[in-house]
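Structure, as structure tokens:
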Amino acid sequence: MANSGLQILGFALALLGLIGLIIGTILPQWKMSAYVGDNIITAIAMYEGLWMSCAFQSTGQIQCKVYDSILQLNSALQATRALMIVSIIVTVAGLGVACMGMKCTNCGGDDKTRKSRIAMTGGIIILIGALCSIVACSWYAHDIIQAFYNPFTPVNTKYEFGSAIFIAWAGAFLAVVGGGMLAASCPRGKPSPKYPISRPPSSKEYV
């Protein structure tokens, strides 16, 4: 029963992590304009995401523009895009496999050992997907930090971390915890039954 509860909790956390990854991938606030030095104009806030760039005005108006060509994007953005998409697809596949192996479902047959192994495989797949998202977020964050501290970067084009990258990081963390719980539901080896040692009857027993 405790193992079943661990599987349900791990599946729920991994599902929340997947939702966080999807939301973080869609949102345009991966990086936001940094107000440093003489760049203290706050009437317009610039945001850039994986798919578009947006300008938020103090009046409440929002103007967004989708990136025209993939080839015009830098390598960090292209790699982050690809890794986040792969992460979401792999995590969805891992959740499907884990759902088949959970004890509270009827999929995968009635063999408990086989179902536990299926759930463990799903957890490992989820861990791989979460690892892809962690690499993507860390790569993008490193690119932001490198450009921020680059002395040749103009002050008005410096950016800092946006809210979307933290949502993606949180989703990846939840996916890691959930995948780890599912992977920990590996079956234990059944102890071999012990039978009493049979001894031949002695001659005294026939007397």
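- Every pair tested for disulfide bond (SG atoms under 2.5 Å apart) that includes a residue from residues 136-175 fails, sequence neighbours excluded, so the list is empty.
- Under the 4.5 Å side-chain heavy-atom criterion for ILVMFWY residues, a single connected hydrophobic cluster contains both Y149 and I144.
- Of all non-hydrogen atoms in W30 and A164, the two that sit nearest each other are CD1-CB, 3.6 Å.
- The cluster map of Ile, Leu, Val, Met, Phe, Trp and Tyr, joined by side-chain heavy atoms under 4.5 Å apart, puts L131 and V176 in different clusters.
- Note on L18: it clusters hydrophobically with I8, by side-chain heavy-atom contacts below 4.5 Å among ILVMFWY residues.
- Applying the side-chain hydrogen bond (donor to acceptor under 3.5 Å, both in side chains) test to every pair with at least one member in residues 159-174, sequence neighbours left out, gives these pairs: E48-Y159.
- Between L127 and G180, the closest heavy-atom pair is CD2-N, 3.7 Å.
- Proximity of a side-chain donor or acceptor of K115 to a complementary backbone N or O of M100 within less than 3.5 Å is detected.
- Hydrophobic clustering places I165 together with F148 (ILVMFWY residues linked when any side-chain heavy atoms are closer than 4.5 Å, directly or through intermediates).
- Checking side-chain atoms of S133 against main-chain N and O of A130 turns up a donor-acceptor pair under 3.5 Å.
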Which pairs of donor and acceptor atoms, one on a side chain in residues 73-80, lie under 3.5 Å apart (sequence neighbours left out)?
{"residue": "N74", "atom": "OD1", "partner": "L77", "partner atom": "N", "Å": "2.8"}
{"residue": "Q78", "atom": "NE2", "partner": "I70", "partner atom": "O", "Å": "2.7"}
{"residue": "Q78", "atom": "NE2", "partner": "L73", "partner atom": "O", "Å": "3.0"}
{"residue": "T80", "atom": "OG1", "partner": "A76", "partner atom": "O", "Å": "2.7"}

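- I19 belongs to a hydrophobic cluster whose other members, connected by ILVMFWY side-chain contacts under 4.5 Å either directly or through intermediates, are I23, L27, I167.
- For the atom pair Q63 CD and M46 CE, the distance stands at 9.5 Å (nearest 0.5 Å).
- Residues meeting the ring-ring contact (aromatic ring centres under 6.0 Å, His included) test with F11, sequence neighbours left out: none.
- With rounding to the nearest 0.5 angstrom, the CG atom of L182 is 10.5 Å from the SG atom of C99.
- Under a hydrophobic clustering in which Ile, Leu, Val, Met, Phe, Trp and Tyr are joined whenever their side-chain heavy atoms come within less than 4.5 Å, directly or via other members, W139 and I145 fall into different clusters.
- The minimum heavy-atom distance between M120 and A183, with the atom names listed, is CG-O, 3.4 Å.
- Annotation for L6 and A184: closest pair CD2-CB, 4.5 Å, computed over non-hydrogen atoms.
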Please list, one pair per line, the donor and acceptor atoms closer than 3.5 Å that link side chains of residues 82-94 to other protein atoms, with sequence neighbours excluded.
{"residue": "S87", "atom": "OG", "partner": "G129", "partner atom": "O", "Å": "2.6"}
{"residue": "T91", "atom": "OG1", "partner": "S87", "partner atom": "O", "Å": "2.6"}

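- The backbone N or O of T25 lies less than 3.5 Å from a partner atom in the side chain of W51, making a donor-acceptor pair.
- A distance of 6.5 Å separates OH in Y47 from CD in Q29, rounded to the nearest 0.5 Å.
- Side chain of Y140 to main chain of R81: no donor-acceptor pair is present (N/O by atom type, distance under 3.5 Å, no hydrogens or angles).
- To the nearest 0.5 Å, the span separating CD1 on I126 from CG on L174 amounts to 12.0 Å.
- Residues M52 and Y67 approach most closely at O-OH, 3.3 Å, considering heavy atoms.
- A donor-acceptor contact shorter than 3.5 Å is absent between the side chain of K31 and the backbone of F161.
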